[in-house]
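Counting convention: from 1, in listed order, for ligands and their atoms alike.
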Amino acid sequence: MVKIEKMKRPIGIFDSGVGGLTVFKELTNLLPREDIIYLGDTARIPYGTRSPKTIIKYSLENTKFLLSQGIKVLVVACNTSSAVSLPHLQQENEIPILGVIEPGARRASEVTQNKKVGVIGTEATVKSRAYERAIQGIDPQIKVVGQHCPLFVPLAEEGWIDNQVTRLTVQSYLLPLREKMIDTLVLGCTHYPLLEGVIREIIGDGVCLVNSAKETAKEVKRILDEEDITSQGDSNGSYKFYVTDNAERFIKVGEIFLGRELKGVEEIEW
Ligand code: DGL
């Protein structure tokens with residue numbers, strides 16, 4: 001009885017803003033029948049340049065809000081939040097709370113052949129060395145090289161996913177990584193899957209790109225199946241988006257990220 005009630009509950013997902021829609025998109029592809037509540041903390045983005053103390057505070061507030069919505073699982077779509085605050089969020093909870101680091105790290109350690117993995121992300125993510133810890137926790141022989149790429153976030157939000165400025169920016173960040181002879185590169189930020197085409201062009205075909213958003217969606221599916229709380233509905237799930245500021249911009253940029261119309265967006269105040 002309790003389980004049936006749980007199956008019907010939505011999945012909760014939060015990000016510092018619009019970027020988590022890359023995770024949302026993968027979730028809807030893999031689990032089309034699930035209802036989803038998304039929270040984008042657009043009033044306080046970016047998280048990637050903030051201190052761990054502030055990132056933890058914001059992430060705890062986002063978690064509290066989503067837990068109050070009666071969700072059955074919480075997905076921390078933001079790589080920065082996941083890297084810095086996940087253990088804090090996981091304390092004293094009754095539902096599964098997962099981030100994007102472990103799933104991405106697992107995949108990277110599976111696919112690397114030469115045991116040299118690159119990780120790109122925000123400054124806070126790279127500084128936290130969370131991917132490095134997770135990857136080396138699986139295989140201590142793997143060498144991990146981190147590189148923060150802060151300009152990728154505004155480029156993706158501007159929709160500049162394939163132009164000269166983007167190409168030059170990607171080159172400046174990634175050529176030094178290429179010289180380190182990595183064979184696997186983790187896209188450790190919500191926005192980077194949008195730049196995958198240019199990243200692939202610059203880093204070369206010999207490097208396997210790991211999309212943490214895709215891996216996380218697979219992990220959510222595994223957890224729902226394992227706990228036997230996958231939605232049994234026969235129609236597509238419904239979606240609700242909450243933002244903490246500027247719903248208009250969230251919709252505009254979100255539609256670039258999703259490649260389709262974005263409805264059901266509501267602005268909230270803490
Ligand atoms: N969502 C963030 C991440 O994945 C990128 C944007 C930000 O800095 O807040 O790390």
Expected rows: ligand 1 N/O, protein N/O, dist below 3.5 Å:
residue	atom	partner	partner atom	Å
ligand 1	1 (N)	D15	OD1	2.8
ligand 1	1 (N)	S16	OG	3.2
ligand 1	1 (N)	T190	OG1	2.9
ligand 1	4 (O)	N79	N	3.0
ligand 1	4 (O)	T190	N	3.0
ligand 1	4 (O)	T190	OG1	3.2
ligand 1	8 (O)	Y47	N	3.4
ligand 1	8 (O)	G48	N	2.9
ligand 1	9 (O)	S16	OG	2.6
ligand 1	9 (O)	Y47	N	2.7
ligand 1	10 (O)	T80	N	3.1
ligand 1	10 (O)	T80	OG1	2.6

If only side-chain N and O atoms count, and only distance matters, is there a donor-acceptor pair under 3.5 Å linking Y47 with D41? yes
Below 30° counts as parallel, above 60° as perpendicular, anything between as tilted: where do the rings of F65 and Y242 land? perpendicular
Within the supplied structure, the quantity of interest is the number of heavy atoms (other residues, nucleotides, ligands) at a distance under 6.0 Å from K218 NZ; does it exceed 12? yes
Tell me if the NZ atom of K240 is crowded by more than 12 foreign heavy atoms within 6.0 Å. yes
Can you give each donor-acceptor pair under 3.5 Å made by side-chain atoms of residues 16-26, sequence neighbours left out, with the distance rounded to 0.1 Å?
residue	atom	partner	partner atom	Å
T22	OG1	G19	O	2.9
T22	OG1	T190	O	2.8

Parallel, tilted or perpendicular: rings of Y192 and F152 (30°, 60°): perpendicular
